[in-house]
Participant: 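Before I ask anything, here is the structure I am working with.
Throughout, protein chains are lettered first and strands after them, A, B, ... in sequence-line order, and every chain is numbered starting at 1.
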2 protein chains.
Amino acid sequence: MGARETREEIVAAADDLFYRQGFDHTSFADIAGAVKLSRGNFYYHFRTKDEILDAVIDRRLEATRAMLAGWAAEGASPVARIECFVRILIMNQIRIMAYGCPVGTLCQELAKLDHAARARAADVFALFRDWLTAEFEALGAGDEAGALALHVLGWSQGTAALANAFKDEVFVRREVDGMCAWLAAQARRLARARR
Amino acid sequence: MGARETREEIVAAADDLFYRQGFDHTSFADIAGAVKLSRGNFYYHFRTKDEILDAVIDRRLEATRAMLAGWAAEGASPVARIECFVRILIMNQIRIMAYGCPVGTLCQELAKLDHAARARAADVFALFRDWLTAEFEALGAGDEAGALALHVLGWSQGTAALANAFKDEVFVRREVDGMCAWLAAQARRLARARR
DNA sequence: GTCTATATAGTGATAGAC
DNA sequence: GTCTATCACTATATAGAC
């Protein structure tokens, strides 16, 4: 097999394992086993664990950009597009209840490890923040857009954290509905202010 | 030194290290070093790492009960008492920006490790949830109390998660103000409904 | 590009002297 | 109650054969 394809298989497997088991708790042997490679051969593709982490973060940044671009095309209005973001809590509910939010949990783990890649992991959060900010600007939020974006992002993070701790589907549904209602209220308020 | 005191020193050191470095990443050697014990002697006090974790969770449960009891005595009204909870985001801001919320991060790590103590770690969350629920009931929220409690708890979790990722003090301040304003609005709404 | 074999360091955990 | 010495295991990482 070509080195390029093998490398990508490794990164995909590492991405999944880092999410489900955590970065520190996932060994080279785990990843090598998942792609059916010997540990020796593994080092031909990646020399250090930090190199794999960098590649995984790159992959997540790219996947996030693609997802955000998809929502931008899918939603007819800023409200509809922001609702796409909110709904990932429902769409990924089972995985979130089991393993938490992939973005938030990696950031938190790297913070505890005091890892050099900590800032790059937070860049995934920044992609969401900037995308949401642009949508709130399109809604006419002006200077307020950044604050509204962080509020929605934080709200969804908190919902994911408690979904993981309590495994309460009703809670998740209720918070998502609350977010959508809040979003509609903000849209009305901003529309009034614009007149 | 008495075994009791040594044991408590170990648990206090482990509590701190588990918070700052994570449970899995903290070794026996780290804890033994922090309390200036040899690793051999260490095993006289705790036979397994899971035993230390159990003791740390017990300690956190006890500390949380004491804190909640303190707030119950301190605040003159349910709103004032719930504001005590909200303000821990400000009081512990520096540590939260560095290491996240102690409760949330331990729950998330144990979830990834698929650790047996996962449910007991979530019990600390449950203490906050039940205390907040009782306060919202005192505010006249009735059946709604549990949902309002989880909403505040989730909001503070999300704020802690993003505070850790972005280290943005202005954001934390703004969300805390937002929580207090939301709380006041809920109190007004419930007071109206009671009339 | 893939493998086996191996070096080195750290882990949780135990035994037994003092 | 505290220590040193040690065990079995796993981790990252390397060397070199094929």
Participant: With respect to F128(B), which candidate in V152(B), T133(B), L150(B), T64(B) satisfies the side-chain contact (heavy atoms from CB on, under 4.5 Å) definition?
Facilitator: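 It is T64(B); the other options fail the test.
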Participant: How many Å lie between CG on D24(A) and C1' on dT11(C), as a whole number?
Facilitator: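 In whole Å, dT11(C) C1' and D24(A) CG are 12 Å from each other.
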Participant: Using side-chain heavy atoms (C-beta onward) and a distance below 4.5 Å, is W71(B) in contact with I88(B)?
Facilitator: yes
Participant: Mind checking what makes salt bridge (Lys or Arg N to Asp or Glu O under 4.0 Å) contact with D50(B), not counting sequence neighbours?
Facilitator: none
Participant: Let me know the distance between CG of D50(B) and C1' of dA13(C), rounded to the nearest Å.
Facilitator: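 Taking atom C1' of dA13(C) as the reference, CG of D50(B) is at 13 Å.
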Participant: Could you tell me how far apart K49(A) (NZ) and dT10(D) (P) are, to the nearest whole angstrom?
Facilitator: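 Answer to the nearest Å: 16 Å.
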Participant: CD of E9(A) versus P of dG1(C): gap in Å, rounded?
Facilitator: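 It is 13 Å, rounded to the nearest whole Å.
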Participant: Which parts of residues 34-48 of chain A get close to DNA chain C, meaning a heavy atom less than 4.0 angstrom away?
Facilitator: L37(A), S38(A), G40(A), N41(A), Y44(A), H45(A)
Participant: Give the rounded distance in Å between these two atoms: CD1 of I10(A) and C1' of dG1(C).
Facilitator: 11 Å
Participant: Quick one: side chain to side chain contact (heavy atoms under 4.5 Å, CB included) partners of R188(A), sequence neighbours excluded?
Facilitator: A184(A), A185(A), R192(A)
Participant: Can you confirm whether E109(A) sits close enough to F18(A) that some side-chain heavy atom of one is under 4.5 Å from a side-chain heavy atom of the other?
Facilitator: no
Participant: Indicate whether OP1 or OP2 belonging to dG10(C) is found under 4.0 Å from a side-chain N or O atom of S27(B).
Facilitator: no
Participant: Rounding to an integer number of Å, can you tell me how far F28(B) CZ sits from dA13(C) P?
Facilitator: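 Whole-Å distance recorded here is 5 Å.
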Participant: Taking atom C1' of dG12(C) as reference, at what distance in whole Å does atom CG of L113(B) sit?
Facilitator: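 To the nearest whole Å, that distance equals 15 Å.
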Participant: In terms of the angle between their ring planes, are Y99(A) and Y19(A) parallel, tilted or perpendicular, with boundaries placed at 30° and 60°?
Facilitator: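 Ring orientation, 0 to 90° scale: perpendicular.
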